[in-house]
Amino acid sequence: MKKNEPHFGELPLPPFYDAAAAGRSTYRPDQQLLFETALEWRDRHHIAPPSRDRFKVHLLLIDMQKDFCFPEGSLYVGGRSGRGALEDLDRVARFIYRNLPNLTEVTCTMDTHYPHQIFFPSFWRDSGGKAPPPHTVISADDVATGRVHPDPDLADWLCGGDVEWLYNQAEFYCRRLEETGRYALYLWPPHVLLGSEGHGLAGAVHEARLFHAFARGAEDRIEIKGGNPLTENYSVLSPEVLDRYDGGSLAGKNSALIDRLLGADALLIAGEASSHCVKYTVEDLLSEMDVRDASLARKVYLLEDCMSAVAVPDPAKEGRFLADFTDQAADLLARARQAGAHVVTSAEPMAEWLKGLD
């Protein structure tokens with residue numbers, strides 16, 4: 001069977017897409033109706049299965065979950081404008097629908113947490129026995145001097161009751177973060193807790209990825225990350241710290257996903273947040289490419305208008321932020337360009353960016 005030629009033509013938006021409805025956190029598509037509609041759309045537009053794609057395009061959508069994408073979420077990524085992730089949702093959905101026959105595969109990552117993790121206040125206690133507030137930064141020296149320490153009650157299920165091991169590991173973890181130069185440990189409010197409403201994919205993205213899977217007969221996988229209580233996992237490709245203070249192994253890389261992503265002819269990346277999970281995923285990917293073949297970076301495309309940075313408004317000071325990571329997001333784009341990757345927008349025709357790669 002002859003494979004598709006990479007023409008990268010665009011389709012119209014399907015009639016059912018309603019940006020206003022999809023922009024609500026309560027929106028849930030009718031999945032059976034979506035399947036039936038996708039089959040009709042496939043036949044009307046002669047959409048072929050991914051096996052016939054000569055040029056493989058992989059779209060990686062990072063953590064487009066309700067807690068990040070809606071103002072009522074526990075860690076809304078509004079950017080400085082306050083509209084960031086909401087607008088990203090609409091652009092991502094439109095991009096998928098327009099490029100339905102051009103996307104070979106869509107992978108969504110889902111940050112997935114439990115009540116007590118090293119980056120949550122619930123993991124820690126100060127010298128008075130109280131949990132520190134969200135948005136606290138904890139240094140290795142803070143742990144070493146006893147200003148803060150892990151909650152000793154967690155040791156029973158974390159490390160067989162060995163409180164000393166837990167304290168040593170926490171100090172080691174913070175010091176390892178600082179040695180890498182990436183950042184110091186930052187405590188976030190509880191978010192994307194498994195089983196919570198906020199953990200789910202935003203309805204617009206869930207609908208678009210399902211429509212793609214149904215119309216193309218594509219696998220369109222979900223990649224879960226972030227469940228290890230003793231390490232952060234901003235990047236879907238690797239936890240932030242892989243080793244323990246006693247020489248043991250804490251976690252490992254997601255080698256299978258790295259291989260799948262590098263196997264595409266073009267890798268498109270969008271999602272939340274550009275200052276954190278997108279940033280560290282892309283940096284890990286570029287580092288892996290440096291080891292294998294630095295020229296691979298030219299196949300990476302960042303959809304700049306489909307990602308936003310964390311900027312936490314200060315409720316006591318209008319127009320000010322408790323934390324603003326916009327500069328870190330700008331650093332990501334600069335690093336990507338320097339490595340040879342491309343920074344594009346979803347409004348540009350895919351044929352224009354991919355010119356020369358096919």
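For Y97 and F211, the gap between ring centers is short of 6.0 Å.
For A323, the side chain to side chain contact (heavy atoms under 4.5 Å, CB included) partners are Y186, V312, F325, not counting sequence neighbours. With sequence neighbours excluded, the residues that form a side chain to side chain contact (heavy atoms under 4.5 Å, CB included) with A264 are H58.
In summary, R44 and E40 do not engage in a salt bridge, as defined by a charged side-chain N under 4.0 Å from a carboxylate O. By the 4.0 Å N-to-carboxylate-O rule, R175 lies close enough to D141 to be salt-bridged with it. A salt bridge does not link R335 with D331: none of the charged nitrogens is closer than 4.0 Å to a carboxylate oxygen.
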Could you walk me through whether R80 and D324 pass the salt bridge (Lys or Arg N to Asp or Glu O under 4.0 Å) test, one step at a time?
CA-CA 8 Å; R80 286 178 178 170; D324 184 356; 2.8 Å; yes
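Counting only residues at least two apart or on different chains, the salt bridge (charged side-chain N to carboxylate O under 4.0 Å, His left out) pairs with a member in residues 24-34 are R28-E197.
No more than 12 heavy atoms of other residues, nucleotides or ligands sit less than 6.0 Å from atom CZ of R320. For E164, the CD atom is loosely surrounded, since the number of other residues' heavy atoms within 6.0 Å does not exceed 12.
Y183 and E232 share a side-chain donor-acceptor pair at under 3.5 Å. Neither side chain, D305 nor T345, offers a donor N or O lying under 3.5 Å from an acceptor on the other. D63 and Y234 share no side-chain donor-acceptor pair at under 3.5 Å.
In the hydrophobic clustering of this structure, L89 groups with L103; members are Ile, Leu, Val, Met, Phe, Trp, Tyr whose side-chain heavy atoms approach within less than 4.5 Å, directly or through other members.
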